[in-house]
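Some notes on the structure that comes next.
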Amino acid sequence: MGKKALVTTAEAMVEFFGIAAQNLVVREKFIDGSKFEVPEQFLASLPIHIADRDYCETNPDLLQFIPYVALYTDEDNEELKVFMYQRGKQGNEGRLHDMFSIGVGGHVEEIIEGDLYKTLIESTKRELQEEVNLTIDDNISDQIEVGLKNALVLLDTRTPVDSVHLGFLIAVKVTPQNFKLEDNVIENASWQEVKELQNQCIQKPEQFENWTRIFLANFDMIA
């Protein structure tokens, strides 16, 4: 039995944004400096169901939910640093292998009590535990809940991998630590200054996955 993914329809997103599907690029709302917040009534109104992930990967009519969390720290009043890693070959998305990322998260595989908001919260906690073994204490839990209430939604239709995923971008402040990483999924991890990564994205954009480039370019709006 294949892997599953929580999805909504591109049609529902078009209705919400009021723009044509082929132009559904929320990224532009980041670049022009405006903050796109997700009202709870939006989450409550979206049609959702569980679908076969392989089918979804080539069907732009269905959008797979992806919590995408940047872990950052500013201890001792130093420059903001963010957790960065390279995607390993055992990750779910083969099209992103070997690329650098600041996003910890992944597909949502179940619906909890018919509540999308609660589902995203629990899935985000699970992914952080599985991928980097982050301890979910009350502080982290609160940040996830608040972050998802005010998440920045990202749907970029310019590439095949991005056009079938709906990103919920949030930042979570943590104590810098050496995480226990999921084998062959997260590799070459390190803590890097946000400003330095922003410069690297400009100089060598091909090394970074698209969502990470967008996230870094607008980090001060999210963290």
Side-chain angles (χ1 to χ4, degrees), residues 1-16 21 24 26 38 40 42-71 85 87-99 101-134 136 140-141 144-145 147-149 151-157 159-170 172 180-187 209-212 215:
M1 197 171 175
K3 292 183 177 181
K4 302 297 181 181
L6 177 67
V7 300
T8 189
T9 64
E11 182 180 9
M13 294 299 294
V14 170
E15 182 177 347
F16 181 78
L24 191 55
V26 182
V38 182
E40 288 186 70
F42 167 57
L43 292 181
S45 67
L46 273 182
I48 56 175
H49 67 276
I50 299 295
D52 180 79
R53 192 183 302 179
D54 288 340
Y55 172 71
C56 297
E57 291 295 345
T58 57
N59 184 353
D61 292 333
L62 296 176
L63 304 175
Q64 302 168 70
F65 289 89
I66 305 287
Y68 195 82
V69 183
L71 302 174
Y85 66 94
R87 290 192 178 270
K89 291 181 169 53
Q90 295 301 314
N92 289 326
E93 183 48 75
R95 292 168 288 191
L96 299 179
H97 288 167
D98 295 329
M99 303 194 79
S101 174
I102 65 167
V104 180
H107 293 82
V108 181
E109 299 174 348
E110 61 180 346
I111 301 174
I112 299 175
E113 299 175 9
D115 186 324
L116 177 55
Y117 178 53
K118 183 179 292 187
T119 296
L120 290 175
I121 290 172
E122 294 307 316
S123 178
T124 300
K125 293 178 181 178
R126 175 178 55 79
E127 290 290 338
L128 290 172
Q129 290 173 316
E130 289 181 356
E131 295 195 358
V132 298
N133 198 35
L134 181 67
I136 308 297
I140 298 297
S141 183
I144 291 171
E145 292 185 23
L148 286 169
K149 277 187 178 179
L152 294 172
V153 173
L154 176 59
L155 173 60
D156 191 337
T157 59
T159 69
V161 62
D162 291 335
S163 64
V164 294
H165 294 101
L166 187 64
F168 282 69
L169 278 57
I170 69 172
V172 172
K180 181 180 178 181
L181 309 179
E182 188 172 5
D183 290 341
N184 299 316
V185 173
I186 293 183
E187 301 177 341
E209 64 187 29
N210 186 38
W211 284 12
T212 283
F215 205 146

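For reference, positions follow the sequence shown, starting with 1.
Shortest non-hydrogen contact noted between Asp115 and Thr119 is O-OG1, 2.7 Å. The heavy-atom pair separating Ile50 from Lys4 by the smallest distance is CG2-CB, 3.5 Å. The shortest heavy-atom contact between Gln64 and Ala5 is OE1-CB, 3.6 Å. Nearest heavy-atom pair, Arg87 versus Gly103, reported as atom, atom and distance to 0.1 Å: NH2-O, 3.8 Å. The two residues Glu131 and Val104 come nearest to each other via the heavy atoms OE1-CG1, 3.3 Å. Contact between Cys56 and Leu62 at its shortest, heavy atoms only, is SG-CD1, 4.2 Å.
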### Task
Would you sort out whether Trp211 and Ile66 count as a side chain to side chain contact (heavy atoms under 4.5 Å, CB included), showing the intermediate values?
CA-CA 11 Å; Trp211 284 12; Ile66 305 287; 3.8 Å; yes

### Stepwise side chain to side chain contact (heavy atoms under 4.5 Å, CB included) check, Leu116 with Leu6
CA-CA 10 Å; Leu116 177 55; Leu6 177 67; 3.7 Å; yes

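Ring-plane geometry between His165 and His107 is classed as perpendicular, the angle between the planes exceeding 60 degrees on a 0 to 90 degree scale with a lower cut at 30.
When the options Tyr68, Phe215, Phe65 are evaluated for a ring-ring contact (aromatic ring centres under 6.0 Å, His included) with Phe168, the one that passes is Phe65.
Distance check: Leu46 CG to Leu166 CG gives 7.5 Å after rounding to the nearest 0.5 Å. With rounding to the nearest 0.5 angstrom, the OG1 atom of Thr9 is 8.5 Å from the NE2 atom of His49. From Glu127, atom CD reaches atom CD1 of Ile144 across 11.0 Å, with rounding to the nearest 0.5 Å. Rounding to the nearest 0.5 Å gives a distance of 4.5 Å between CD1 of Ile170 and CG of Leu148. Rounding to the nearest 0.5 Å places CG of Asp162 at 4.5 Å from CG of Asn210.
In summary, Glu122 and Lys118 do not engage in a salt bridge, as defined by a charged side-chain N under 4.0 Å from a carboxylate O.
At least one donor-acceptor pair closer than 3.5 Å links the side chain of Ser163 to the backbone N or O of Pro160. Within the 3.5 Å criterion, the main-chain N or O of Glu145 finds a donor-acceptor partner in the side chain of Tyr117. Remark: the backbone N or O of Ile102 is paired with a side-chain donor or acceptor of Thr212 at under 3.5 angstrom. The backbone N or O of Pro47 sits less than 3.5 Å from a side-chain atom of Thr8, completing a donor-acceptor pair.
Side-chain contact between Leu128 and Leu71 is present, with at least one heavy-atom pair separated by less than 4.5 Å. Annotation: side chain of Lys125 is in contact with side chain of Ser141 (closest heavy-atom distance under 4.5 Å).
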